[in-house]
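For reference, the structure is listed below as structure tokens.
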Amino acid sequence: KAGVTQTPRYLIKTRGQQVTLSCSPISGHRSVSWYQQTPGQGLQFLFEYFSETQRNKGNFPGRFSGRQFSNSRSEMNVSTLELGDSALYLCASSLVWGNPQYFGPGTRLTVT
Amino acid sequence: GESVGLHLPTLSVQEGDNSIINCAYSNSASDYFIWYKQESGKGPQFIIDIRSNMDKRQGQRVTVLLNKTVKHLSLQIAATQPGDSAVYFCAETTAGGTSYGKLTFGQGTILTVHP
């Protein structure tokens with residue numbers, strides 16, 4: 001099976017802009033979670049989607065949002081970008097709870 | 001204020017040695033644990049998992065030990081190879097409810113294997 005794919009892999013944006021990142025889960029996986037990874041804060045949970053519904057959300061401002069489509073593909077959006085949003089954004093998919101999450105390669109976002 | 005980078009613990013071993021990476025988790029209600037390996041420029045890679053009704057689980061060259069009494073997890077890698085050099089993370093989660101799909105990660109440990 002193909003693994004989790006994320007596009008784009010690298011992105012450079014300017015403060016105030018918005019960005020949309022895409023994630024395609026492993027075939028058959030219906031749960032998609034998003035994480036932000038920074039040197040200062042490590043890996044932090046953003047949100048999780050299952051069957052097009054957001055089931056859980058981490059402690060991030062409302063500028064961070066996401067959605068999931070009927071084919072389980074997911075997107076996350078960050079509006080009004082700040083310098084501190086520079087990070088590696090990781091998507092992970094899993095079958096159901098009690099099964100491991102498998103991560104994609106991430107999208108490296110740089111905000112200038 | 002200015003953010004301070006995480007100072008990751010490091011473990012340096014010789015090729016062929018056994019490695020033990022430790023992790024203290026925070027939530028006594030956590031009941032599912034996963035170890036990940038992350039190489040530079042890549043996403044975390046699943047290594048092995050364990051549920052709270054077990055205290056030991058073995059995979060290929062890896063063993064995970066869980067001590068719920070002291071909330072401690074360890075990953076043992078046998079016959080460590082240079083290709084094992086990476087950052088290793090433990091992650092914890094609880095079943096359902098407000099924890100759907102949420103993994104809480106440890107800070108990570110940098111493993112360096114010298115040939």
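In what follows, every chain begins at residue 1, and chains take the letters A, B, ... in the order their sequences are listed.
The shortest non-hydrogen separation linking A:L43 to B:F105 is CD1-CD2, 3.6 Å. Residues B:D49 and A:P100 approach most closely at OD2-CD, 3.7 Å, considering heavy atoms.
Both A:L83 and A:L81 belong to a common hydrophobic cluster when Ile, Leu, Val, Met, Phe, Trp and Tyr are linked at side-chain heavy-atom distances under 4.5 angstrom. Cluster annotation: A:L46 and A:L21 are assigned to the same hydrophobic cluster (Ile/Leu/Val/Met/Phe/Trp/Tyr, side-chain heavy-atom contacts under 4.5 Å, transitive). Connection of B:M54 to B:L73 is established within a shared hydrophobic cluster, with ILVMFWY side chains joined at heavy-atom distances below 4.5 Å, either directly or through further cluster members. Neither B:I77 nor B:L8 shares a network with the other; the hydrophobic side chains, linked directly or stepwise wherever heavy atoms of I, L, V, M, F, W or Y lie under 4.5 Å apart, form separate groups for each. Cluster membership for B:I47 and B:F33, using ILVMFWY side-chain heavy atoms within less than 4.5 angstrom, is shared.
Neither the backbone nor the side chain of B:Q45 comes within contact range of chain A; no heavy atoms are under 4.5 Å apart. For A:Q6, no part lies under 4.5 angstrom from a heavy atom of chain B. With a 4.5 angstrom heavy-atom cutoff, B:L103 touches chain A via backbone and side-chain atoms both. Contact of A:L88 with chain B is made through the side chain alone, with heavy-atom distances under 4.5 Å. Heavy atoms of A:R108 lying under 4.5 Å from chain B are absent altogether.
Within the model, atoms CD of A:Q44 and NZ of B:K102 stand 9.5 Å from one another, a figure rounded to the nearest 0.5 Å.
B:Q107 places no side-chain N or O within donor-acceptor distance of the main-chain N or O of A:G42, the cut-off being under 3.5 Å. Formation of a donor-acceptor pair under 3.5 Å by the A:S33 side chain with backbone atoms of B:G101 is found in this model.
Counted within 6.0 Å of CD1 on B:I110, heavy atoms from surrounding residues, nucleotides or ligands total more than 12; the atom is thus considered enclosed. Other residues, nucleotides and ligands place no more than 12 heavy atoms under 6.0 Å from the CG atom of A:N59. In B:R61, the CZ atom is crowded: over 12 heavy atoms of neighbouring residues, nucleotides or ligands sit closer than 6.0 Å.
Using a 4.5 Å heavy-atom threshold, the side chains of A:Y35 and B:P44 count as separate. For the pair B:Y36/A:Q101, a side-chain contact is recorded, criterion being any heavy-atom separation below 4.5 Å from C-beta on. B:T104 has its side chain out of reach of A:F45: every pair of non-hydrogen atoms, C-beta onward, lies at least 4.5 Å apart.
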| said: Please evaluate residues B:F46 and A:F103 with respect to the criterion ring pair (Phe, Tyr, Trp, His ring centres under 6.0 Å), reporting the C-alpha separation (whole Å), side-chain torsions for both, the decisive distance (0.1 Å), and the verdict. | reply: CA-CA 8 Å; B:F46 169 76; A:F103 283 81; over 10 Å; no

